[in-house]
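Each remark here refers to the structure printed beneath this line.
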There are 2 protein chains.
Amino acid sequence: MDRRAELAEQVLDYVLEHGLIGLSLRPLAAALHTSDRMLLYHFGSKERLVGEALALAQRRLAASVAPPGPDVRTVGQLVRHLWAELQSPPGIQATRLYLDLSVLATKEPARWSGAVERLRGPWRGPLRDGLVLFGVPAAEAPALADLILGTLDGLSLDRLVAEDSARADAALTAFADLLDARPLPAGDHGGDHRENPART
Amino acid sequence: MDRRAELAEQVLDYVLEHGLIGLSLRPLAAALHTSDRMLLYHFGSKERLVGEALALAQRRLAASVAPPGPDVRTVGQLVRHLWAELQSPPGIQATRLYLDLSVLATKEPARWSGAVERLRGPWRGPLRDGLVLFGVPAAEAPALADLILGTLDGLSLDRLVAEDSARADAALTAFADLLDARPLPAGDHGGDHRENPART
DNA sequence: TCCTCTCTGTAGCACCTGCTACATGCATGA
DNA sequence: TCATGCATGTAGCAGGTGCTACAGAGAGGA
């Protein structure tokens with residue numbers, strides 16, 4: 001019972017470190033000072049073991065989402081803030097896990113795409129809400145949130161893989177500038193938008 | 001000799017269809033009406049087989065890059081054009097291959113990151129040049145090109161995996177609008193920029 | 001005709017995979 | 001004291017992996 005939850009934590013740590021795709025029970029068990037026999041005893045199967053580790057990952061990620069500080073005033077600054085968080089070690093690990101899950105989902109969508117969506121959930125909702133707070137019209141917020149998530153994904157991937165990591169940083173800066181230079185909507189949707197498009 | 005090049009083509013087709021990550025010689029050989037024995041005879045090892053298939057993929061990709069038609073006049077339209085190409089079957093296959101390679105590169109950078117970079121090359125260079133033609137100052141073009149590539153990657157990934165494929169489309173439209181609403185640079189870098197920010 | 005060289009089929013190697021049968025130690029409750 | 005149930009180690013299963021040893025088939029040149 002409790003041992004199982006404890007093992008799930010360690011399994012997740014191992015997965016964040018070594019990736020989900022090549023995961024094999026025996027090396028995993030060795031790193032956790034157990035045997036594959038014991039892992040299967042506690043979890044029943046590899047599939048359930050992975051499932052519990054992923055559920056735990058989602059809970060950890062949801063708990064780590066924090067609203068930005070008061071110095072974040074524009075959408076561009078928000079994006080820079082998210083980028084900085086994504087480049088921290090836990091952010092990189094989460095990105096790698098997300099990437100592994102995406103690849104698995106392209107191979108077996110029925111089995112994995114739910115997990116991808118679930119891991120993304122803790123970011124998408126708060127981001128939409130946050131954008132509205134920054135004066136983005138509610139009608140545009142979902143698409144803009146998805147754009148930001150997608151761009152952060154793509155650039156994180158680039159930075160993860162490419163030899164020249166400064167390239168992704170420069171691209172993100174261009175993105176943030178682009179967002180802050182965005183013209184204010186003509187309509188009167190927004191409430192107290194504290195947008196401040198001071199560029200450069 | 002010739003048989004080997006012919007096999008490389010078929011191997012690449014198979015890899016584009018089934019992914020690079022779980023690639024196994026026996027199912028591959030069966031699909032090609034040969035045996036693993038023969039594949040190893042012609043290529044020497046699995047590693048070299050994959051290497052030749054990837055080199056071929058790069059050549060194919062480079063050959064498929066074509067300048068956009070005359071109806072593409074703004075950066076936003078260019079991005080929409082690239083997006084449409086990426087959603088075609090070969091574009092999706094290339095994206096999946098790029099994704100698999102990225103995952104492999106996070107696990108063994110020394111072995112794979114070169115291949116990722118090489119596969120990306122045929123797009124990055126022409127995109128930079130294309131941006132300059134559209135009036136983007138030469139100093140900003142590289143970062144903007146990387147931003148566009150990264151965003152296309154991230155949104156393609158989203159669309160590949162997510163149940164709701166319209167989400168990525170909406171996000172890309174927001175991106176294109178954002179690019180076309182971009183303020184013209186104050187400096188006088190650009191040559192004949194035919195920018196025409198007619199939005200909506 | 002014989003020899004050699006290129007190609008290919010069969011069988012197998014050592015190793016890895018998830019998973020399981022069996023036996024055992026150990027603590028707890030009747 | 002005995003029995004029950006939980007936890008764990010050992011050994012092994014069937015199937016997969018890349019790769020190889022060996023034997024042949026067939027074509028071409030001497």
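Side chains included, hydrogens not; waters and symmetry mates left out as well; all remaining heavy atoms used.
Checking D:dC19, D:dT17, D:dA21 against every side-chain atom of B:Arg37, the shortest atom distance belongs to D:dA21. The side chain of A:Pro27 approaches C:dT17 more closely than any other nucleotide in the set D:dC19, D:dT17, C:dT17. Relative to the side chain of B:Tyr41, the nucleotides C:dC19, D:dC19, C:dC7 differ in distance, and C:dC7 lies closest. Considering only side-chain atoms of A:Leu25, the nucleotide from D:dG18, C:dG18, C:dA21 that sits closest is C:dG18.
A:Asp36 has its CG atom 13 Å from the C1' atom of D:dC13, to the nearest Å. Between A:Leu40 atom CG and D:dA7 atom P the separation is 15 Å, expressed in whole Å. Rounded to an integer number of Å, the gap from A:Arg4 CZ to D:dC6 P is 14 Å. Put simply, NE2 on A:His33 is 17 Å from C1' on D:dG9, counting in whole angstrom units. Between the NE2 atom of A:His42 and the C1' atom of D:dG9 there is a distance of 13 Å, rounded to whole Å. Look at CE on B:Met38: it is 12 Å from C1' on D:dT20, rounded to the nearest Å. Remark: P of D:dG18 and CZ of B:Arg48 are 16 Å apart, rounded to the nearest angstrom. Summarising the geometry, the separation between CG on A:Leu39 and C1' on D:dG9 is reported as 14 Å, rounded to the nearest angstrom.
For the pair A:Ser35 and D:dT8, the criterion of a side-chain N or O lying under 4.0 Å from OP1 or OP2 is not met. At the phosphate of C:dG18, OP1 or OP2 sits under 4.0 Å from a side-chain N or O atom of A:Ser24.
Remark: B:Arg73 fails to qualify as a cation-pi partner of B:Phe134 under the 6.0 Å distance and 45° angle criteria applied to the six-membered ring.
Judged by distance alone, with hydrogens and angles left aside, the side-chain atoms of B:Thr106 form a donor-acceptor pair with the main-chain N or O of B:Val103 at under 3.5 Å. Side chain of A:Arg4 to backbone of A:His42: a donor-acceptor contact under 3.5 angstrom is found.
In this structure, the separation between CG on B:Asp146 and CG on A:Asp164 is 8.5 Å, given to the nearest 0.5 Å.
Looking at heavy-atom distances under 4.0 Å, A:Leu23 makes contact with sugar-phosphate atoms alone, never a base. Contact annotation for A:Thr34: no contact, since no heavy-atom pair falls under 4.0 Å across all strands.
Other residues, nucleotides and ligands contribute more than 12 heavy atoms inside 6.0 Å of the CD atom of B:Glu163.
For A:Arg26 and C:dG18, a side-chain-to-base donor-acceptor distance below 3.5 Å is present, hydrogens and geometry of angles not being considered.
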